[in-house]
Number of protein chains: 2
Amino acid sequence: MNDSVSDLGKILKQQRINTPLTLQELAAESGVSSSHLGRIERGERFPSARILRKIAKPLGFSEDELFTLAGFLSPQTSGVAEEGVSRYNSRQLDPYVARMLAEEPPEIQRAVIGILSLLKSIARGISK
Amino acid sequence: MNDSVSDLGKILKQQRINTPLTLQELAAESGVSSSHLGRIERGERFPSARILRKIAKPLGFSEDELFTLAGFLSPQTSGVAEEGVSRYNSRQLDPYVARMLAEEPPEIQRAVIGILSLLKSIARGISK
DNA sequence: ATTATAATTTGCCATATGGCAAAAGTCAAT
DNA sequence: ATTGACTTTTGCCATATGGCAAATTATAAT
């Protein structure tokens, strides 16, 4: 299991909480049992494509997006030659992150960056 | 099992024969056992997303294409959902913000979103 | 036909998925 | 504290997936 996979549960939960929905409500809307959804969120089960597809709309994801997050689709273009390309491209913006941030108005988006650099400079100060 | 599902096997076999490849060769190239591939072709098993992804390239399919054939993706989704997405497409990601965030590793990017939603939920609590 | 070789199918099994119902937490209002 | 209404987690089980090795079935080549 790689990072993105173990993160999937967190992402799904965060999105559900944000929406906001309870597990039971999501279960009702998606047709997936709440117990299974719970296990998926805490990483005890990995959702199949069928399940992913069912929960996409209620959570406001596009199918592609969820599939990419789940590692079922490779990001963006099809046809990456090597599967052992182990290292994640760190110069890319996580699609989930992009989508979440895009929902915020521009001033909030920039404030987020401001806070981030503030935190980074604080961290730099501490580590010195 | 419905029609389209039982068709998938025929399609895959057709494509393999056309390529041309034997089951064993496809197995070698895809990393999926030939016995499993055989069962998939004759409809005794249904391929998971992981398996589909593995065999896509050797067979000359794009991932999207195979996923759509398998019924995992609804036909013609390219990131933009056709339905009630009013809440989401209204906004765009500031290019500057995108550039700054893209320089951070994925876990930081997601942490930023986590902090943002935390702040938002706190704010919601206050305003109530 | 007979053997050799490659290709496909089958038997068996280990593991993963996912649902249902019961148990365990949460939380507000007495 | 206790009740009652939700929400989440757990126990258990039925089913599906997928690999390995043996068995079967083509396909040639003497």
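Quick note on labels: first sequence line is chain A, next is B, and so on, each numbered from 1.
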| task | If the plane angle is over 60° it's perpendicular, under 30° parallel, otherwise tilted; pick one for Phe72(B) and Phe67(A). | result | tilted

Once you round it to whole Å, what is the distance between [atom2] of [N] and [atom1] of [X]?
| X | N | atom1 | atom2 | result |
| --- | --- | --- | --- | --- |
| Glu29(A) | dT7(D) | CD | C1' | 16 Å |
| Ile51(B) | dT15(C) | CD1 | P | 17 Å |
| Leu37(A) | dT10(D) | CG | P | 15 Å |
| Leu52(A) | dG18(C) | CG | C1' | 14 Å |
| Leu26(A) | dT9(D) | CG | C1' | 16 Å |
| Lys54(B) | dT17(D) | NZ | C1' | 12 Å |
| Arg50(A) | dA16(C) | CZ | C1' | 13 Å |

| message | So if I apply the side chain to side chain contact (heavy atoms under 4.5 Å, CB included) rule between Leu12(B) and each of Leu37(B), Leu26(B), Ile55(B), which one comes out positive? | response | Ile55(B)

| task | Ignoring hydrogens and angles, tell me if any N or O in the side chain of Glu63(A) forms a donor-acceptor pair with the backbone of Ala56(A) under 3.5 Å. | result | no

| With distance as the sole test, does Ser30(B) use its side chain to make a donor-acceptor pair with the main-chain N or O of Val32(B) at under 3.5 Å? | yes

| Is there side-chain contact between Glu25(B) and Pro58(B), with at least one heavy-atom pair below 4.5 Å? | no

| Does any non-hydrogen side-chain atom of Pro47(A) lie less than 4.5 Å from one of Leu8(A)? | yes

| request: Sugar-phosphate atoms are those with a prime plus P, OP1 and OP2; base atoms are the rest. Using that split, label each nucleotide of nucleotides 6-12 of chain C B, S or - for protein heavy atoms under 4.0 Å, 5' to 3'. | output: -BBBBBB

| Partners passing side chain to side chain contact (heavy atoms under 4.5 Å, CB included) against Arg45(A) (at least two apart in sequence or in another chain) | His36(A), Arg39(A), Ile40(A)

| query | Roughly how bent is the helix from dA1(C)-dT30(D) to dT30(C)-dA1(D) end to end, in steps of 10 degrees, with each end axis from five pairs? | reply | 10°

| message | What's Ile40(B) touching, base or sugar-phosphate or nothing? Going by heavy atoms closer than 4.0 Å. | response | nothing

| query | Only one of Lys10(B), Arg16(B), Gln14(B) forms a side chain to side chain donor-acceptor pair (under 3.5 Å) with Glu41(B), so which one is it? | reply | Arg16(B)

| task | Over all heavy atoms of both residues, which pair between Gln15(A) and Phe61(A) is shortest? Give the atoms and the distance, please. | result | CG-CE1, 3.4 Å

